[in-house]
Amino acid sequence: MSTQPAKLLLIDGNSILYRAFFALPPLSNKQGQQTNAVYGFTLMLLKLLQEEKPTHLAVAFDKTKKNFRHEMYENYKGTRQKTPDELAEQFPMIRTLLQAFSIPVIEVDGYEADDIIGTLAKQAEAAELDTRIVSGDKDLLQLVSDKVHALVTRRGITDVDFYDAAAIKERYGGLEPNQIIDLKGLMGDNSDNIPGVPGVGEKTAIKLLNTRASVEEVLAHLDEVSGKKLRENLAEHHADAILSKQLATIVTDVPLDIDISRLVYGGYGVDTVVEVFRTLDFHSLIDKISEEISDSTAADNADVDEDGWTNIEYTRVTSPEQMDKVWRDLGGVTGCVFDFSDEDYHAANVCGVALATRDASFYISFEDELQLTHLQQWLKSAHDKVVFDIKSLAFALDAHGITIHSSGRWNDVKLAAYLLNPTDGEVELEEILARELNIQVPSIKKMAEHREAILCRIAQKLPDLYQHLGSALDAQTLDDLYRNIEMPLSFVLAKMEITGFHVNADRLRAFGDDLLGRIHQLTADIYADAGVEFNLNSPKQLGEILFEKLQLPAMKKTKTGYSTSADVLEKLAPYHEIVQKILDYRQLAKLQSTYVEGLLKVIRKETDRIHTRFHQALTATGRLSSSEPNLQNIPIRLEEGRRLRQVFEPTYDDWYILSADYSQVELRILAHLSGDEALIDAFRSGMDIHTRTASDVFEVAVEDVTALMRRQAKAVNFGIVYGISDFGLAQNLNIPQQEAKRFIEEYFRKFPGVKGYMDDIVQQAKQQGYVATLMNRRRYLPDIRSRNFHLRSFAERTAMNTPIQGTAADIIKLAMVQIDAALTKAQMDARMLLQVHDELIFECPADEMEDLTQLVREKMENAITLNVPLVVDISHGKTWYEAK
DNA sequence: GTAGTCACG
DNA sequence: ACGTACGTGACTACG
């Protein structure tokens, strides 16, 4: 029997985990970093178990309340959704781990881990049980007493400082543990968003608390405080100090359905823990605790994934009879890996497909045409299928005359993984398998002779992977977005990519020839002005000419030298005639190289069409992007470039191009999200929003708004959407920062709801670690709690911008899905060609124009109901240029 | 491969 | 005092 004294260990799960998360060097792979954080947590846990030998043990986690965004989502859905569980989402493996260690996890709705620990510590004190609190947060020091001591993490992950009352006294200039809250009340805590009193830091606070024991007493005896400024600050921020103290005070009466007698810790089963370590790839930790492991356990599991890649048994289907066997054997969810090189998206040639369930694997070669007909049947069938990147499949299969439809019960792990981690950019299947299931896929290139086997093995893993990701989607209420928007949208986008945009190549070439002539003339003029020939395309050489040879005033520097960007050159134009010529050259050279030459390169000669590629799983906000070529940035702002749109024509002479764009969609979304009455009223009135903003901000009648006022108001509106800063606005408008600041302050005075929303959303991001769109699309913002001003500010602006930009993306995506369905249903010939963030481009026969206009308007304007109307402007013409 | 620049929303 | 507008992709120069 053990004779060791009873000892209770209370671990602040959140702070230890986050400590580990931030202590580790940043990884490009977020999921990897999360696994690393759990690794750090485990290191700490093992150390504590070994050194502290607790007889009672619990880990507490925060469980924050449901937020307004979830409620909004429910309103939109009209249904109730489960409240997501914060920690399980971000670090799903932590639960498995603690379960393996048989350690009780305590969470209480609406309370933080601190509060639970405070409550348990109080109970323990009453029971005279020796208690150690482990946390990364010094706030917990307020709980220290005779029986309760604290271990607070220092640098690194597992280093801790020990605190009893004496240690606190020494560290905090004589303060008692219960004065920690007074300390926080006065000095605040930036990382916890406790304001405190301005001008009061740790030193001052300690001095004050050495004469008077509490915040209240300090405030009651202000006359004793030396220093006029300090006295004024204390008087002025009386309420802040009291509130800050309250914020810093840990709750000690959390309603718990468990008491300390239930926290008796009996140790863990080594086998169970090793098993979990193995799935998490914590190999070094396995060694650390492996003395007690029996050899057999280790051997049983060691080689499952090691050799499965090449010795997997699969059937190579070569006859129709075998095809029948495929249908019989493929029950349940089937993983599908199509065999094509992913190097060239547009020229991908599918040479086979691997189909697998847990029990059976098949490789069907595309060489045999007969097989394809059978395969096509199956692709349409009601079997559940899991793939990676359905859009690339649909695009590649189209070249084989195979069309796949959204009715075929497809699931796409690329889209699922993207919704879970939108900030990772485009992620390959291999990375997802490694991150989610710890499966290392061998290089197919290096093992070319095993290609089919490896593909079958990957196919076999896909259902597991989908199940894994799917439950995470459910847990984060992303399932609706995934199933009803992103999945169906993939098929719409595939169709658009396959259709392409018809262009007039001759006209494009002529446009380019004209440009070339003018570029040559400008180049000659510039060389003459400079008195020397140089490479005009080199910012370095150009900088030397302008700022050294010609002695123009350098306004801005880059890391490598002088900045020669357009905004700098515009300011320089009055000094020398060469500057305007350079600006003109730049403009024309851009058009020539990026657009004329760039587009000519990608026109398919047989069809005179350009097929862009839409990236559906790339942007952090939920927008699409377009590449090879990018058709989302065809010039429009300057007439010169806009003329490029004349080369984009309908497929047939008597068809038309139709363009439909949301009017001010982001500001309307802001009006909705913020509930600001003035902004809502502005949109309901149907007035020009920038003019209306100018009239409000500059306090003039609408009819007295000048062009300059409108331009400035427009910039402010943009700034608001981007997460405004006075510097940014000043830069944009080329005005002093002070003036920009006044604009912003005035804007917020006139639109207080917007101000409130911006403050709330940043606060919310800090609390829950992410922001969300109206349709619940999420973006995690780990930097929002950073001590680095730059990182934190960026995260704050992102918190303001992403719900707006992302909701706009949600809305147009939903509209696209609905429009596609409606076009199919109405059996119209009209086709969707492009999406450019807030606009959709179509082509259609003349006799469908009216119907299409009506249909598109109806679907776009009613995709979602906001508290302001959504307005869509539609126009058409014989080219994209004319559809304006 | 990175930096600078510029095209779009 | 800190040092910034949000989200993308393509081209050219240059180490």
Side-chain angles (χ1 to χ4, degrees), chain A residues 190 422-423 425-426 534-543 556-569 582-583 585-599 601-602 612-615 618-638 640-642 644-645 661-662 664-667 670 715-733 737 740 744 771 779 786-806 808-809 812 834-840:
Chain A
N190 221 347
T423 42
E426 278 211 304
F534 62 101
N535 188 343
L536 250 176
N537 292 322
S538 164
K540 184 165 168 281
Q541 294 183 34
L542 178 61
K556 208 167 72 174
K557 289 218 152 192
T558 65
K559 285 178 215 166
T560 51
Y562 309 104
S563 171
T564 65
S565 59
D567 58 317
V568 172
L569 294 188
I582 293 166
L583 283 165
Y585 169 85
R586 282 249 178 99
Q587 192 202 328
L588 300 187
K590 177 81 175 180
L591 294 177
Q592 172 65 17
S593 66
T594 301
Y595 296 103
V596 176
E597 287 173 9
L599 290 177
K601 259 185 254 175
V602 294
T612 186
R613 172 180 183 186
F614 288 108
H615 297 260
L618 185 149
T619 71
T621 54
R623 274 190 176 180
L624 302 177
S625 84
S626 154
S627 71
E628 308 161 78
N630 181 353
L631 291 187
Q632 288 181 322
N633 71 345
I634 302 300
I636 189 167
R637 290 173 192 167
L638 301 174
E640 193 71 56
R642 188 177 200 153
L644 267 164
R645 295 182 174 222
D661 69 290
Y662 280 113
Q664 304 298 342
V665 66
E666 293 192 341
L667 285 173
L670 175 62
V716 172
N717 278 332
F718 271 99
I720 293 292
V721 169
Y722 292 156
I724 198 147
S725 72
D726 46 13
F727 183 94
L729 182 64
Q731 176 105 353
N732 186 287
L733 281 176
Q737 199 167 323
I744 295 167
V771 291
R779 178 171 180 181
S786 171
R787 266 75 67 202
N788 178 323
F789 175 88
H790 173 55
L791 291 177
R792 189 175 64 247
S793 303
F794 184 54
E796 286 171 359
R797 293 195 296 275
T798 309
M800 300 184 228
N801 173 265
T802 294
I804 300 172
Q805 192 183 119
I812 196 166
L834 293 180
Q835 186 251 45
V836 192
H837 311 307
D838 64 356
E839 66 176 319
L840 297 174

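The sequence lines fix the lettering, A, B, ..., with proteins before strands; numbering per chain opens at 1.
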How close or far is atom [atom2] of [N] from atom [atom1] of [X], stated in whole angstroms?
X	N	atom1	atom2	result
Gln731(A)	dC6(C)	CD	P	12 Å
Arg787(A)	dA1(C)	CZ	C1'	19 Å
Met800(A)	dT4(C)	CE	C1'	11 Å
Ile720(A)	dC6(C)	CD1	P	14 Å
Leu667(A)	dC6(C)	CG	P	17 Å
Phe727(A)	dC6(C)	CZ	C1'	16 Å
Phe794(A)	dC2(C)	CZ	C1'	17 Å
Leu670(A)	dC6(C)	CG	C1'	13 Å

Requested in this report: Provide the Watson-Crick or G-U wobble partner of dG15(C), both distances under 3.5 Å; none if there is no partner.
Outcome: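 dG15(C) is unpaired by these criteria.
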Query raised in the report: Now, which nucleotide makes the Watson-Crick or G-U wobble pair with dC6(C), with each of the two distances under 3.5 Å?
Result: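 Partner of dC6(C): dG9(B).
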Query raised in the report: Got a donor-acceptor pair under 3.5 Å from the side chain of Ser725(A) to the base of dT4(C)?
Result: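 Yes, the side chain and the base share a sub-3.5 Å donor-acceptor pair.
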Report task. Check whether any side-chain nitrogen or oxygen of Arg792(A) sits under 4.0 Å from OP1 or OP2 of dT4(C), and answer yes or no. Result ->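 For dT4(C), OP1/OP2 do not have a side-chain N/O of Arg792(A) under 4.0 Å.
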Query raised in the report: Under 4.0 Å between a side-chain N/O of Ser538(A) and OP1 or OP2 of dC14(C), yes or no?
Result: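 Looking at the OP1 and OP2 atoms of dC14(C), one of them is under 4.0 Å from a side-chain N or O of Ser538(A).
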Please work out if [X] contacts a base, only the sugar-phosphate, or nothing of the nucleic acid, heavy-atom cut-off 4.0 Å.
X	value
Asn788(A)	nothing
Leu729(A)	base
Thr802(A)	nothing
Ala620(A)	sugar-phosphate
Arg779(A)	sugar-phosphate
Ala715(A)	base
Asn732(A)	base

Could you tell me which non-hydrogen atom of [X] sits nearest to which non-hydrogen atom of [Y], and how far apart they are?
X	Y	result
Phe614(A)	Leu834(A)	CZ-CD2, 3.9 Å
Val665(A)	Ala808(A)	CG1-CB, 4.2 Å
Pro539(A)	Thr564(A)	O-CG2, 3.8 Å
Asp838(A)	Ile812(A)	C-CD1, 3.7 Å

Check every atom of [options] against the side chain of [X] and return the nucleotide holding the closest atom.
X	options	answer
Phe789(A)	dT8(C), dC2(C), dC11(C)	dC2(C)
Ser593(A)	dA5(C), dC14(C), dC11(C)	dC11(C)
Arg797(A)	dA13(C), dG3(C), dC6(C)	dC6(C)

Query raised in the report: Considering heavy-atom distances to DNA chain C, does Thr621(A) or Glu628(A) have its closest nucleotide positioned more toward the 5' end?
Result: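 Upstream on the strand: Thr621(A).
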Requested in this report: Could you pick out which residue, Pro422(A) or Gly598(A), lies toward the 5' side of DNA chain C when each is mapped onto its nearest nucleotide?
Outcome: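 Comparing both residues, the 5'-ward one is Pro422(A).
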Requested in this report: Report, as a single string ordered 5' to 3', how protein heavy atoms within less than 4.0 Å touch nucleotides 3-9 of chain B: B base, S sugar-phosphate only, - not at all.
Outcome: SSSBBBB
For atom [atom1], what is the distance between [N] and [M], given to the nearest Å?
N	M	atom1	answer
dC8(B)	dG3(C)	C1'	26 Å
dT4(C)	dA3(B)	P	14 Å
dC2(C)	dC6(B)	P	28 Å

Report task. Could you tell me whether the side chains of Asp567(A) and Ser565(A) share a donor-acceptor contact shorter than 3.5 Å? Result ->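 The criterion, which ignores hydrogens and geometry beyond distance, is satisfied for Ser565(A) and Asp567(A).
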Query raised in the report: Is it the case that Gln731(A) and Gln737(A) place a side-chain donor and acceptor less than 3.5 Å from each other?
Result: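 No, because no side-chain N or O of Gln731(A) sits under 3.5 Å from a partner of the opposite role on Gln737(A).
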Query raised in the report: Looking only at atom types and distance, does a side-chain atom of Arg623(A) sit under 3.5 Å from a main-chain N or O of Gln805(A), one as donor and one as acceptor?
Result: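 No; zero donor-acceptor contacts below 3.5 Å.
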Query raised in the report: Judged by atom type as modelled, is there a donor-acceptor pair below 3.5 Å linking the side chain of Thr619(A) to the main-chain atoms of Gly622(A)?
Result: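 Side chain of Thr619(A) to backbone of Gly622(A), a donor-acceptor pair under 3.5 Å: yes, one is there.
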Query raised in the report: Cation-pi between Lys557(A) and Tyr562(A): NZ/CZ under 6.0 Å from ring centre and within 45° of the ring axis?
Result: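 Judged by the rule (NZ or CZ under 6.0 Å from the ring centre, within 45° of its axis), Lys557(A) counts as positioned above Tyr562(A).
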